[in-house]
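Heads up: the structure comes next, in structure tokens.
Positions are given from 1 along the sequence.
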Amino acid sequence: MINVAIMGHGVVGSGVAEILINHADRITAKAQTPVNVKYILDLRDFPGLSYSDKFIKDFNIILNDDSVKVVVEVMGGINPAYDFVKSCLLKGKSVATSNKELVAAKGAELIKLANDNNVNFLFEASVGGGIPVLRPMAQCLAANEITEITGILNGTTNFILNKMIVDNMDFDAALALAQQKGFAEKNPAADIEGHDACRKVCILAALGFGKHVYPEQVNTEGITDVTLDDVESADNFGCVVKLIGHAKKLPNGKITATVRPTLVGRDCILSGVNGVFNAIMVRGDQTGDVMFYGKGAGKEATASAVVADVIDCVKHIDARKYLYWEDGSPDYVDNSYDETVRLYVRATSDNFSELEAQYEAIFPGVSCVKNKFRGEIAFITDSEKESLIKEKISGFKNLTSLKVLHTFF
Ligand code: HSE
């Protein structure tokens with residue numbers, strides 16, 4: 001029998017406890033030994049549960065109990081999760097976590113610590129909720145050089161954008177619904193401002209390209225400025241607006257890493273990823289594009305991935321899993337690299353004829369959608385270096401508004 005402790009009894013933690021306790025027979029069969037939840041650490045009280053007797057408030061009880069071999073960290077945030085995880089690894093306990101903030105900030109260090117102490121540090125649930133993506137990337141795609149990773153990585157924002165596109169629902173109502181369904185982070189700013197997706201880009205890029213990427217190195221923009229007008233306008237170009245996380249190897253040996261609202265062509269498979277679903281497209285030099293798809297948030301889906309890691313830790317109590325990347329460096333991410341792109345531009349002016357004349361002079365031959373009533377012209381540029389397109393856009397004068405978004409076809 002292996003004893004397990006769960007730190008945190010929020011949405012994901014309660015899901016983990018319920019699977020491990022209510023499906024103990026299934027877990028025993030898969031782990032090839034009984035897996036016993038010995039402690040659940042939480043500062044709150046949870047009376048009336050079938051497992052209320054397992055709750056403790058003192059982390060040291062877990063740390064000092066040598067019979068606890070696997071610890072689940074589902075508290076979220078860096079502190080005290082970082083100290084607790086570090087202490088557990090140093091004490092020879094394997095750790096399974098869903099905490100993307102922790103992995104994105106401290107992944108390289110904690111992986112090394114786990115290796116040095118002959119235990120495992122697994123975090124499948126930190127990206128894509130219930131979607132198996134990290135282990136397949138590290139193991140099944142091991143023969144590849146991974147060159148590019150593109151994904152819809154945040155269920156809450158995808159749910160919100162989808163509600164705006166399909167139901168014409170406004171932003172606040174859609175966010176409230178996502179929170180009610182348990183998709184959103186404790187602080188929804190992490191979702192809507194893109195930080196959650198940014199952390200997942202860091203983890204994917206680190207694992208895919210072999211070197212730590214820190215959240216502050218990712219150019220991150222959320223969906224708070226996306227309006228119903230943007231969504232409607234995108235539709236005129238056969239596109240939907242999605243929050244896209246992207247990381248790519250550059251010819252100079254560095255990488256780019258971004259999170260931003262992006263117009264995705266309806267022909268692209270990512271455009272059909274709706275609601276809380278996530279999708280991650282990984283490009284390998286041998287496989288070409290491989291797509292991972294499934295529920296990216298929610299109690300059961302995320303707990304499923306954590307429990308799989310617990311089973312893996314139990315089955316490999318004396319063996320190390322192949323998850324590794326090096327420390328990062330300040331100049332590793334180069335977001336100023338001038339890529340060839342197509343940009344979506346929507347400009348408004350009080351003087352529509354002047355706007356039309358400028359558009360025809362600056363972007364001759366590029367087709368557009370005009371809305372004289374709103375004084376608006378929208379278009380998608382031809383493929384050119386980003387710096388050149390931006391220089392051209394700066395030629396527009398006397399605008400009342402200007403929206404520029406990247407595209408993905
Ligand atoms: N808040 C996150 C999301 C949860 O909406 O995707 C899963 O990481």
Would you call [X] and [Y] a side-chain contact if the rule is heavy atoms closer than 4.5 Å?
X: Lys370; Y: Glu356; result: yes
X: Val241; Y: Leu263; result: yes
X: Leu243; Y: Ile152; result: no
X: Met281; Y: Val290; result: no

Atom pair [atom1] ([X]) and [atom2] ([Y]), whose distance is rounded to the nearest 0.5 Å:
X: Tyr344; Y: Ile380; atom1: OH; atom2: CD1; answer: 8.0 Å
X: Cys198; Y: Lys100; atom1: SG; atom2: NZ; answer: 12.5 Å
X: Lys112; Y: Lys106; atom1: NZ; atom2: NZ; answer: 15.0 Å
X: Leu161; Y: Phe171; atom1: CG; atom2: CZ; answer: 8.0 Å
X: Leu102; Y: Glu109; atom1: CG; atom2: CD; answer: 9.0 Å
X: Lys30; Y: Lys315; atom1: NZ; atom2: NZ; answer: 9.5 Å

Identify whether the distance between the nearest side-chain nitrogen and carboxylate oxygen of [X] and [Y] falls below 4.0 Å.
X: Arg346; Y: Glu376; result: yes
X: Arg374; Y: Asp229; result: yes
X: Lys392; Y: Glu386; result: no
X: Asp230; Y: Lys403; result: yes
X: Arg135; Y: Asp312; result: yes
X: Arg283; Y: Glu148; result: yes
X: Lys249; Y: Glu145; result: yes
X: Lys248; Y: Glu339; result: yes

Non-hydrogen atoms of [X] and [Y] that approach each other most closely:
X: Asn154; Y: Ala197; answer: CB-CB, 4.4 Å
X: Ile131; Y: Glu124; answer: O-OE2, 3.3 Å
X: Val226; Y: Met164; answer: O-CE, 3.6 Å
X: Leu405; Y: Pro261; answer: CD2-O, 3.7 Å
X: Gly245; Y: Val201; answer: CA-CG2, 3.7 Å
X: Phe396; Y: Ile362; answer: N-CD1, 3.8 Å

Counting N and O atoms only, with roles assigned by atom type, does the side chain of [X] sit under 3.5 Å from a partner on the main chain of [Y], one being a donor and the other an acceptor?
X: His212; Y: Ser329; value: no
X: Thr262; Y: Arg260; value: yes
X: Asn162; Y: Gly275; value: yes
X: Arg266; Y: Gly238; value: no
X: Asn144; Y: Thr287; value: yes
X: Lys57; Y: Leu43; value: yes

Hey, are [Y] and [X] close enough side-chain-wise for a donor-acceptor pair under 3.5 Å?
X: Asn158; Y: Lys242; value: yes
X: Asp334; Y: Ser336; value: yes
X: Arg320; Y: Asn118; value: yes
X: Thr340; Y: Ser383; value: no
X: Tyr39; Y: Asp65; value: yes
X: Thr258; Y: Asn219; value: no

### Task
Going by the side-chain hydrogen bond (donor to acceptor under 3.5 Å, both in side chains) test, name the single residue among Asp350, Asn351, Thr348 that passes it with Thr400.
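The single option meeting the side-chain hydrogen bond (donor to acceptor under 3.5 Å, both in side chains) with Thr400 is Thr348.
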
Can you confirm whether more than 12 heavy atoms, excluding those of [X], are under 6.0 Å from its [atom1] atom?
X: Lys181; atom1: NZ; answer: no
X: Leu250; atom1: CG; answer: yes
X: Lys385; atom1: NZ; answer: yes
X: Glu391; atom1: CD; answer: no

### Single hit among Asp309, Val103, Ile280, Leu207 for side chain to side chain contact (heavy atoms under 4.5 Å, CB included) with Leu134
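Testing each of Asp309, Val103, Ile280, Leu207 against Leu134, the sole residue satisfying side chain to side chain contact (heavy atoms under 4.5 Å, CB included) is Leu207.
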
### Message
Under the side chain to side chain contact (heavy atoms under 4.5 Å, CB included) test against Val16, which residue among Ile6, Ile21, Val37, Ile40 passes?
### Response
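Testing each of Ile6, Ile21, Val37, Ile40 against Val16, the sole residue satisfying side chain to side chain contact (heavy atoms under 4.5 Å, CB included) is Ile6.
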
### Message
The test is side chain to side chain contact (heavy atoms under 4.5 Å, CB included); show your working for Thr150 and Leu270 and say whether it passes.
### Response
CA-CA 9 Å; Thr150 311; Leu270 290 177; 3.9 Å; yes

### Task
Could you please spell out the steps behind the side chain to side chain donor-acceptor pair (under 3.5 Å) verdict for Asp338 and Ser387?
CA-CA 6 Å; Asp338 201 9; Ser387 61; 2.5 Å; yes

Mind checking whether [X] and [Y] have ring centres under 6.0 Å apart?
X: His406; Y: Phe408; answer: no
X: Phe84; Y: Tyr82; answer: no
X: Trp325; Y: Tyr332; answer: no

### Task
For the pair Val333 and Lys254, evaluate side chain to side chain contact (heavy atoms under 4.5 Å, CB included) and give the outcome as yes or no after the intermediate values.
CA-CA 6 Å; Val333 181; Lys254 299 184 180 187; over 6 Å; no

### Message
Walk me through whether Glu221 and Val259 qualify under side chain to side chain contact (heavy atoms under 4.5 Å, CB included).
### Response
CA-CA 6 Å; Glu221 190 189 328; Val259 171; over 6 Å; no

### Query
Using the ring of each side chain (for Trp, its six-membered ring), is Phe55 parallel, tilted or perpendicular to Tyr51, with breaks at 30° and 60°?
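Parallel: the ring planes of Phe55 and Tyr51 meet at under 30°.
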
### Message
For Leu122 and Ser94: C-alpha separation, side-chain torsions, deciding distance, then whether side chain to side chain contact (heavy atoms under 4.5 Å, CB included) applies.
### Response
CA-CA 8 Å; Leu122 301 183; Ser94 288; over 6 Å; no

### Message
Let's go through Glu18 and Lys299 carefully: what are the C-alpha distance in whole Å and the side-chain angles of both, what is the deciding distance for salt bridge (charged side-chain N to carboxylate O under 4.0 Å, His left out) to 0.1 Å, and is it a yes or a no?
### Response
CA-CA 10 Å; Glu18 285 164 23; Lys299 172 174 168 168; 3.1 Å; yes

### Task
Any chance you could lay out the salt bridge (charged side-chain N to carboxylate O under 4.0 Å, His left out) test for Asp327 and Lys211, step after step, and finish with the verdict?
CA-CA 6 Å; Asp327 277 337; Lys211 194 160 165 165; over 6 Å; no

